[in-house]
Amino acid sequence: MQHDASLKRAHDAPPIEEEWLWGWDPTPGIVSVHAEQDGRAHVWRRIPETGALVHERERFRPWLLLDRLDDLAHLGEGLRDAATAPPDETIHFRELEGPGALRFLVSARDGRALTDALLTGASRRLDARVRHVAELGDSVLALPPEEQYLVATGRTYFRALAFDQLHRMQFDLETTGLDARRDRIFMISVRYPSGDTEVLEAHDESDASEAELITTLVQRVRDANPDVIENHNLHGFDLPFLDTRARFLRVPLALGRVRERKLRQRGARRGVATGDPSEGRRIRFVAPGRELIDTLDMVRRYDIGTRDFASYGLKAVARQLGIAAPDREYIRGDLIHETFRADPERVRRYATDDVEEVAAISRMLGGATYALAQMTPRRYERLADTGAATGVIDPLLVRAYLRAGAALPAHEPGDGTPHSGAALYLFASGVAHRVVKADVASLYPSLMRAYRIGPARDRLGALLALVDGLVERRLDAKARARAAPPGSAERHSHEAMSAALKIVVNSAYGYLAAGGELTRFADVHAANEVTRRGREVLALMCRELEARGVTLLEGDTDGVFFAVPEAWSESDERRVVNEVGALLPPLVQLELDGRYAAMLSHETKNYALLGYDGALTLRGVAFRSSRSEPYGDAFLRTALERLLTGDIVGVRDAYLATIGALRTRAIRTYDVSSRVRLTKSPAEYAESREKRRELPYEAMLASGHTTWSVGDRVRVYRSAKGEGRTIDTPDDDTTAPDPRDYDVEYYVRLLRDSYAERLARAFTPRDFDIVFAHPDQLALFVSPVEDVKPILTPLARNGFG
DNA sequence: TCGTTCCGGGG
DNA sequence: GTGTACGGAACGA
């Protein structure tokens, strides 16, 4: 089939806003597109009804957008108006309407002829050799071939295809270490689209065996012929490692659907640095015909909305999502190869668990990106690793303008107006009871819609039209998800669509504020108008809440925490939220987002909440830190629970009990250790050691580790002699030693200065000294702890009326 | 101590 | 066109 780039609409086309959202070509089941600059495209589709795979070879007219035709004038008769030219032979142009700078849509049968002609003309005009279209900067819009194809055709991936119909394969390398130049692959676990798993292994530690292992993997991929290849950190580890090993061993790495001996590369901000140290060029690998999907990207994207993965590591994520099997095998990274030598079966189980978890995470979190690919003219794998503003909204706008026959504005850097941000207030610190969180859902997009705040240069009003359409679709998707049976594929896909739409809607504001070098229609004035309205809404909300008798605690654009009087019931709380919500601008909805028995407000975005069900929620660096010692965390949790239930004697008891346990060494060594990341190599530390000794490295050396890799994490503690020591995590090895030779008084001091200190806002200084008086101290003038009451201190209201 | 830069992950 | 998250930790004066 021949697709041309005129983008002319038929008379019976659906409403143009629908086309802006979804494209217009209904071709179902596209699972991968690979296009070349010469106008050839490969399309792989799954027939939704049968699941059969078809491979279609197509031609399209590669196209560019230019701000002038001057550089093509030298073609003479070779450049023809698309309206009158014969369809195939020549280079066509079409002038788009409206004021945008990029107003000439030019296309050719072979894109190379087009770019060559353009570069020739530009070189003459500029009297300098122009080698690449990118050198012409913003006077040209040149998309990657696949995106040219999708924009021109109005096609998108995955129409009428459910996520579960995709053929997804996972593989995971087990290697002797992290450095592909030095270490090798000894095992690859594989999970097939059928759900079957297999473990491939090198027979010995020779190059030939590793080469054979890679060859077997390639063969398995070709046989299984998946649409998608997935793993956790696939682009950051497995593919670069595989690529390096395959080059070194001179093994073909034909993982794609077109016969090529190597993976291709594309520039990618979030990719890996290339071998040559030439200034920060980063790439990701491409296997034409398959989509290479990294579940780490999914986790990052998901976390933007939910914020709360303790770690983005595979095991932690799987546990947090509740998909880790109870008998899941765990092996510490640096022990995998040595475990394999002693107990290969254990490593086989471990590696298989990895691919199983990746498949489950992908199914749980991958829907949003999948749904984005159903609307956006980009490859699925590119949508997986981009931000929504430049990665989704910009391509949607480009397609919308071309479809409407409208010229596109070029990027504009902005007039120097600074971008003003959101407001954040801390109204009080200390302990409050009967706390309510009121939340404004999607404040910024709601303000954009309510006040019609869009980019000044968006003459079609496409951004606001997209946001309106996306919000409506989202409400619809949410309703459909609710109506579908829990756990069903149908519910899954509606929820995924809803999540995708939320991502795009919420990034509409980010699109405005991103700055003109980044997004085509960026508009700092419009962005400032949105934040100004947002501050107005927050101020109004706070004033009106206060006028109804609540005590304000903390407020920002996400929502407001406040405490209500003792006599109030839940329905009083709801009534007040509804009353205040009714005073807010149209489309801005205030919801009661949470109710808590008590809160310790420490600093902005740093607080502890005790739910009515007894659940403790900690937020902010003061209360949760990956470096903190387990004994301190345990004390803090207990103390906070008791503090928030009013049991001040209990707080002191917890403090004394912890000191007692330290002194009798009832606390495990592991529980006083802290996790640190080694950022200096052994050589670097050797150099700086004379000047300054650092506990973690001293600990490594003292425990006989003379080598380590930068980035390794170890647990260290301070011994009674004041020296650093390392200790293993007990889960790793149940026979791990537990010497309990830690520096007791050091950890007693740390308990007070670091952990008890985080409760300081709850008390007057005098009462704090009573609650946390040292056990050896004589209680001369000390009044009884029983009399101590927690306090709430109002703070100066900087900038708040 | 503060301000700035870097990192997240993989064996 | 590689595209500007975000929050915590480490680094550097």
Side-chain angles (χ1 to χ4, degrees), chain A residues 132-138 140-144 147 172-180 182-187 231-241 265-272 274 280-284 294-297 299-301 303-305 307-317 331-340 347 350-351 354 382 385-391 393-395 411 419 503 506-507 510-511 513-520 522 605-606 619-622 624-628 674-680 694 696 709-713:
Chain A
H132 202 279
V133 178
E135 292 169 43
L136 296 172
D138 223 22
V140 184
L141 169 69
L143 298 179
E147 293 173 27
D172 183 52
L173 308 185
E174 302 305 329
T175 67
T176 58
L178 292 171
D179 183 351
R182 201 182 57 206
D183 301 306
R184 62 171 67 247
I185 307 165
F186 66 90
M187 179 187 283
N231 196 18
H232 203 69
N233 205 15
L234 177 73
H235 285 285
F237 179 71
D238 299 82
L239 291 174
F241 203 103
Q265 303 182 351
R266 62 176 227 256
R269 179 72 162 197
R270 308 217 42 267
V272 289
T274 48
R281 186 174 133 74
R282 290 175 163 274
I283 58 110
R284 282 191 171 203
D294 194 330
T295 46
L296 180 58
D297 292 325
V299 169
R300 289 194 176 108
R301 173 166 280 165
D303 199 47
I304 290 172
R307 61 171 191 275
D308 234 49
F309 277 116
S311 151
Y312 288 176
L314 173 65
K315 284 81 178 166
V317 169
I331 306 173
R332 217 174 72 192
D334 57 349
L335 301 178
I336 289 170
H337 188 229
E338 96 187 42
T339 306
F340 176 69
V347 179
Y350 167 83
D354 273 7
R382 289 209 68 200
D385 71 13
T386 51
T390 51
I393 294 182
D394 223 42
H411 288 91
H419 177 232
I503 290 166
N506 287 339
S507 61
Y511 184 93
E517 313 84 54
L518 239 49
T519 56
R520 192 164 295 281
K605 307 259 182 194
N606 275 273
R619 174 88 55 218
V621 68
R624 39 188 303 172
S625 158
S626 65
R627 281 204 59 169
S628 53
S674 100
R675 198 165 104 109
V676 296
R677 188 167 170 269
L678 302 176
T679 56
K680 291 178 180 168
E694 296 172 62
S709 303
V710 171
D712 278 359
R713 287 169 203 283

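Proteins get letters first, then strands, A, B, ... in listed order; numbering begins at 1 in each.
When heavy atoms are screened at a 4.0 angstrom cut-off, A/Asp354 is found touching the sugar-phosphate backbone but no base atom. Among the heavy atoms of the strands lying under 4.0 Å from A/Leu173 are primed sugar atoms or P, OP1, OP2 only; no base atom is included. The residue A/Gly267 sits close only to the backbone: its heavy atoms come under 4.0 Å of sugar-phosphate atoms, none of a base. Within 4.0 Å of A/Gly620, counting heavy atoms only, lie sugar-phosphate atoms of the nucleic acid but no base atom. Within 4.0 Å (heavy atoms only), A/His232 reaches sugar-phosphate atoms of the nucleic acid but no base atom. Across all strands shown, A/Leu314 has heavy atoms under 4.0 Å from sugar-phosphate atoms exclusively, and none from any base. In this structure, A/Asp172 reaches the sugar-phosphate backbone alone: every heavy-atom distance under 4.0 Å involves primed, P, OP1 or OP2 atoms, never a base. At the heavy-atom level, A/Ser311 lies under 4.0 Å from the strands shown only through sugar-phosphate atoms. Among the atoms of the strands shown, none is found under 4.0 Å from any heavy atom of A/Ala389.
The listed nucleotides are C/dG1, B/dG11, B/dG10; the one nearest the side chain of A/Thr175 is B/dG11. Among the nucleotides B/dG10, B/dG9, C/dG1, the one closest to the side chain of A/Leu178 is B/dG10. The nucleotide whose nearest atom lies closest to any side-chain atom of A/Asp334 is, among C/dG3, B/dG11, B/dG10, B/dG11. Nearest to the side-chain atoms of A/Tyr350 among the listed nucleotides B/dG11, B/dG10, C/dG1 stands B/dG11.
With 3.5 Å as the limit, one finds no donor-acceptor pair spanning the side chains of A/Asp294 and A/His235. A/His337 and A/Thr176 share no donor-acceptor pair across their side chains, judged by distance under 3.5 Å alone.
Each of A/Val133 and A/Lys605 was assigned the nucleotide of DNA chain C with the nearest heavy atom; the assignment lying further toward the 5' end belongs to A/Val133.
Between the P atom of B/dG10 and the CE atom of A/Met187 lies a distance of 18 Å, rounded to the nearest Å. Atoms CZ (A/Arg184) and C1' (B/dG10) sit 19 Å apart, rounded to a whole Å. Computed from coordinates, the A/His235 NE2 to B/dG10 P distance equals 15 Å when rounded to whole Å. The separation between A/Arg282 atom CZ and C/dG3 atom P is 12 Å, rounded to whole Å. A/His337 has its NE2 atom 11 Å from the C1' atom of B/dG11, to the nearest Å. Atom CG in A/Asp179 sits roughly 16 Å away from atom C1' in B/dG9 (whole-Å rounding). Rounded to a whole Å, the CZ atom of A/Arg270 is 13 Å from the P atom of B/dC7. In this structure, A/Asn231 places its CG atom 12 Å from C1' of B/dG11, rounding to the nearest Å.
Among all heavy-atom pairs drawn from A/Asp172 and A/Glu174, the shortest one is OD2-OE2, 2.7 Å. A pairwise comparison of heavy atoms in A/Val347 and A/Ile336 identifies CG2-O, 3.7 Å as the closest pair. Nearest heavy atoms, A/Gly271 versus A/Arg284: CA-CG, 3.8 Å.
In this structure, the side chain to side chain contact (heavy atoms under 4.5 Å, CB included) partners of A/Val272, at least two apart in sequence or on a different chain, are A/Pro240, A/Ile283. For A/Phe241, the ring pair (Phe, Tyr, Trp, His ring centres under 6.0 Å) partners at least two apart in sequence or on another chain are A/Phe237.
For a distance-only test at 3.5 Å, the side chain of A/His411 fails to qualify as a donor-acceptor partner of the base of C/dG3.
Checking the phosphate oxygens (OP1, OP2) of C/dG3, a side-chain nitrogen or oxygen of A/Arg382 falls inside 4.0 Å. One finds a side-chain N or O of A/Thr390 lying less than 4.0 angstrom from the OP1 or OP2 phosphate oxygen of C/dT4. The side chain of A/Thr386 places no N or O atom within less than 4.0 Å of a non-bridging phosphate oxygen (OP1 or OP2) of C/dG3.
Atom name P, nucleotides C/dG1 and B/dG8: the rounded distance is 30 Å, in whole Å. The gap from the C1' atom of B/dG9 to that of C/dG8 amounts to 16 Å, rounded to the nearest Å. Nucleotides B/dC7 and C/dT2 are separated by 23 Å at their P atoms, to the nearest Å.
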